[in-house]
Amino acid sequence: MAKITRKPAPRKTSVPKKKAKPVAAKPKAAAKKSLKAMKPWTPPEVHEAFSRFRKANPEPKGELEHVNPFTLLVAVVLSAQATDAGVNKATRALFAIADTPQKMLDLGEERLREYIKTIGLYRTKAKNVIALSAKVLSEFGGEVPRTRAGIESLPGAGRKTANVVLNMAFGEHTMAVDTHVFRVGNRTGLAPGKTPLEVELGLEKVIPAEFMLHAHHWLILHGRYTCIARKPRCEVCLINDLCRWPEKTV
Ligand code: SF4
């Protein structure tokens, strides 16, 4: 009798269970609704809002202290995850002795660390400032490059740094999006976006050219002193009639 040989049953391989993704906290109903329901601003409304900002503060200034494009670049690199006031406190003494890439290199990383040790992440930042000074000297003839690609190639400098330097040092119509601009762009409905880049591009699209030189500062100052994160001061807000935020308090 022929022997029946059974095929061995396929071995069960256990399929590793996918880890359940953490469920993101649902946005508050009102906030969720607000994102969908926000009516885009019309061009006359945007013009009106920036005309009011301009009337209230014709020449807005940034709050980061600097004496030339190089010290502005260094101040912006130092300001990542730090307040402008904290950076200024450290850089006043630093820029008095090191306001050029060569002087910064002569100072050296160790002594630089001493000047900026009150600023968060100061060790990494000191390393970056020394490396960027060396690169500005070796590749850009000692001058801060005037192009986005040039600035973004420097250690510690990203898109936001390039936007601030191009705008403040070289008068270009760039829009640096920090935490304040990001919040104002979204809350008001002027340029909603999930990332700083989306908000940046949205703002550049809607803001008329005549306001672009100062738009970055108007929005930062608006976010820092009026449309503040926890408790926006809607009652004194210059654009409260135009703002689309459904939770505004006026
Ligand atoms: S009305 Fe309130 S939420 Fe809207 S921009 Fe002004 S401060 Fe911000």
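Atoms within a ligand are numbered from 1 in the order they appear, just like the ligands themselves.
- The proximity of Glu247 to ligand 1, defined as any non-hydrogen pair under 4.0 Å, does not occur for either the backbone or the side chain.
- Between Glu45 and Arg244 a salt bridge is recorded (basic side-chain N to carboxylate O distance below 4.0 Å).
- His66 and Phe95 have their aromatic ring centers separated by at least 6.0 angstrom.
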For a quick test of your reading: what N or O donor-acceptor pairs under 3.5 Å do the side chains of residues 67-77 make, sequence neighbours left out?
| from | atom 1 | to | atom 2 | distance (Å) |
| --- | --- | --- | --- | --- |
| Asn68 | OD1 | Phe70 | N | 3.2 |
| Asn68 | OD1 | Thr71 | N | 2.7 |
| Asn68 | OD1 | Thr71 | OG1 | 2.8 |
| Asn68 | ND2 | Asp99 | O | 2.9 |
| Thr71 | OG1 | Val67 | N | 2.8 |
| Thr71 | OG1 | Asn68 | N | 2.9 |
| Thr71 | OG1 | Asn68 | O | 2.9 |

- [ ] Before giving the answer on side-chain contact (heavy atoms from CB on, under 4.5 Å), spell out for Met212 and Glu172 the whole-Å C-alpha distance, their side-chain angles and the decisive distance to 0.1 Å.
- [x] CA-CA 8 Å; Met212 272 303 288; Glu172 292 206 15; over 6 Å; no
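- Taking the six-membered ring where the residue is Trp, the centroids of Phe50 and His214 are separated by 6.0 Å or more.
- Annotation: protein N, O or S atoms under 2.8 Å of atom 4 (Fe) of ligand 1 (waters excluded) comprise Cys243 SG.
- Panel note: side chain Trp218, backbone Pro58; no donor-acceptor pair is recorded below 3.5 Å.
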